[in-house]
Structure formats: structure tokens, C-alpha cells
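Have a look at the structure below, then the notes.
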Amino acid sequence: MGAALLVGGCGAVGFSAAGRLARRVGVLRTLVGALEGMERELSFRLTPMPELLERAAESPPPAGELFARCRARLDELGERPLSQLWRESVEDTPLGLTGPALLALEELGDVLGRYDGEEQRAALARTRAELGRALEQAREESEKQGRMYRALGLTAGAMLAILLL
């Protein structure tokens, strides 16, 4: 019974690590979709920023949470710039992003609401492209490393069980 629990526990650690990789893929996919929607809204309707953030907040979590938090903070817009409100929203939302993807998302706030529609669309396109690259990389990692994490977890559990028997 103890050996089965040991194999199961180590396997759960491996499956948990693989799940984190898969979650990152989902977050990036949702963010890319939301940014694409924002870009379309700006292209065709020149939607005001509060409404734009409200529509993006309808995205699945945690990406939708990011836009909802930023929309909620717009009440403080006269006291603080939108770039600061955006960065705080990015920091407060557990997206699980690192490196260039996180940097691109944070820098997007420097342009949103500050320049004309064309500049904002260009910034959204750049950020979407960077997140798209991160998405492809995350997909590859999830496929390769996810399989490895699951196998290593189960194998390590089996090895420990054999050693303890």
C-alpha cells in the first residue's frame, strides 16, 4: 500500500508540473485572442478605452481578470496614468508569464489610451506577435517537457518504491 502511495505521490508531482506548462499555453492563447479582439475594435469602431477593457474582460480567466482589474482601476485615472494602472493590473493578476512575454504585456500599457488609434493598434499587434511567439514556445515546451515530467514522476516513484522494498 505504501509503495502505491509513493508512486502515486511522485506521479502527481510530475502531472502537476505538466499541468503548469499546459496552463501557461492556455493563458497565452486567451491573451492573444483578447488582444486580437481589442485590435479589431480599435480598427473598426475606435472603441473608447473603458468599453474596450470591458469587452476584453469577458475573456476566460486569468486573462479576463487582467482586463477587469484594469477596468476597475480606471476610476483612479485622473490621479494616476493608465500605464501605471495597467502595470499594477498585470502584476496583480497571476498570469504565470515571464521574460519577453511579460515585458511586452507590461509595455503595452505605455501606449494604451495615450496615442491615437493607429499607434494603439500597432502596439497591440506588436504585443500580440510577441505573445504569439511565446505561445508557440510554450506549446513546444508543454508537449516535450510535459510528457517528460509525467514519465519522470511515475518513474521516480516506482524507483523509490523498489528501493524501499
Side-chain angles (χ1 to χ4, degrees), residues 1-41 52-76 82-112 123-165:
M1 181 69 148
L5 287 174
L6 187 61
V7 171
C10 288
V13 170
F15 277 85
S16 174
R20 281 192 300 275
L21 291 174
R23 180 183 179 274
R24 185 169 166 233
V25 169
V27 168
L28 284 167
R29 185 179 296 125
T30 305
L31 281 170
V32 167
L35 293 178
E36 187 177 347
M38 290 174 73
E39 194 177 341
R40 277 195 311 262
E41 284 286 325
L52 193 63
L53 290 172
E54 230 171 87
R55 288 177 187 243
E58 295 170 1
S59 302
E65 292 175 23
L66 166 66
F67 299 111
R69 287 177 187 202
C70 190
R71 171 64 180 103
R73 288 186 168 126
L74 284 182
D75 297 337
E76 306 169 23
L82 180 60
S83 59
Q84 183 180 4
L85 301 175
W86 177 262
R87 284 183 194 274
E88 288 175 5
S89 299
V90 170
E91 290 171 4
D92 292 347
T93 308
L95 297 171
L97 300 180
T98 58
L102 182 61
L103 183 63
L105 196 59
E106 287 176 343
E107 288 175 351
L108 177 63
D110 295 335
V111 178
L112 286 181
L124 284 166
R126 281 191 307 273
T127 304
R128 188 170 48 86
E130 182 61 43
L131 292 179
R133 284 189 289 277
L135 174 60
E136 286 306 312
Q137 182 181 3
R139 264 192 206 131
E140 290 174 10
E141 285 179 19
S142 180
E143 287 176 13
K144 292 176 184 174
Q145 292 182 352
R147 197 175 317 125
M148 180 188 66
Y149 285 149
R150 288 187 289 272
L152 277 176
L154 291 172
T155 305
M159 185 184 80
L160 287 172
I162 290 171
L163 284 174
L164 292 176
L165 291 178

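Since this is a predicted model, take the numbers as computed values, not measurements.
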- Item | Intermediate values then yes/no, side chain to side chain contact (heavy atoms under 4.5 Å, CB included), L31 and L97 | CA-CA 11 Å; L31 281 170; L97 300 180; 3.7 Å; yes
How far does [atom1] of [X] sit from [atom2] of [Y], to the nearest 0.5 angstrom?
| X | Y | atom1 | atom2 | answer |
| --- | --- | --- | --- | --- |
| M38 | L124 | CE | CG | 5.5 Å |
| L131 | L28 | CG | CG | 6.0 Å |
| R126 | E39 | CZ | CD | 10.5 Å |
| R69 | L53 | CZ | CG | 14.0 Å |
| R23 | L21 | CZ | CG | 11.5 Å |
| L35 | F67 | CG | CZ | 5.0 Å |

So does [Y] get a backbone contact from the side chain of [X], meaning a donor-acceptor N/O pair under 3.5 Å?
| X | Y | value |
| --- | --- | --- |
| R71 | A57 | no |
| S89 | C70 | yes |
| T93 | V90 | no |

Point to revise | Exercise: identify the closest heavy-atom pair between E41 and L52 | key: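 Minimum heavy-atom separation between E41 and L52: CB-CD1, 3.4 Å.
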* Please report the closest heavy-atom contact between L105 and W86, naming both atoms and the distance. =>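 Closest approach of L105 to W86: O-NE1, 2.6 Å.
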Margin query: Does R133 form a salt bridge (charged side-chain N to carboxylate O under 4.0 Å, His left out) with E136? I'd like the steps, not just the answer.
Written below: CA-CA 5 Å; R133 284 189 289 277; E136 286 306 312; over 6 Å; no
pair [X]-[Y]: side-chain heavy atoms closer than 4.5 Å:
| X | Y | result |
| --- | --- | --- |
| Q137 | E141 | yes |
| S59 | E65 | no |
| V13 | Y149 | no |
| L160 | V7 | no |
| R73 | D92 | yes |

When you look at L82 and L74, which way does the side chain to side chain contact (heavy atoms under 4.5 Å, CB included) test go after all the steps?
CA-CA 7 Å; L82 180 60; L74 284 182; 3.5 Å; yes
If you look only at pairs with a residue in residues 97-109, which of them pass as a salt bridge (Lys or Arg N to Asp or Glu O under 4.0 Å), with sequence neighbours excluded?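 Sorted pair list: R87-E106.
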> So which pairs with a foot in residues 153-165 pass side-chain hydrogen bond (donor to acceptor under 3.5 Å, both in side chains), sequence neighbours left out?
Replying inline: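 Applying side-chain hydrogen bond (donor to acceptor under 3.5 Å, both in side chains) to every pair that reaches into residues 153-165, excluding sequence neighbours, yields nothing.
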Side chains of S142 and R24: any donor to acceptor distance under 3.5 Å?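 No, because no side-chain N or O of R24 sits under 3.5 Å from a partner of the opposite role on S142.
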C10 and L154: CA distance, side-chain angles, deciding distance, side chain to side chain contact (heavy atoms under 4.5 Å, CB included) verdict:
CA-CA 6 Å; C10 288; L154 291 172; over 6 Å; no
- [ ] Given salt bridge (charged side-chain N to carboxylate O under 4.0 Å, His left out), test R40 with E36 step by step and report yes or no.
- [x] CA-CA 6 Å; R40 277 195 311 262; E36 187 177 347; 3.4 Å; yes
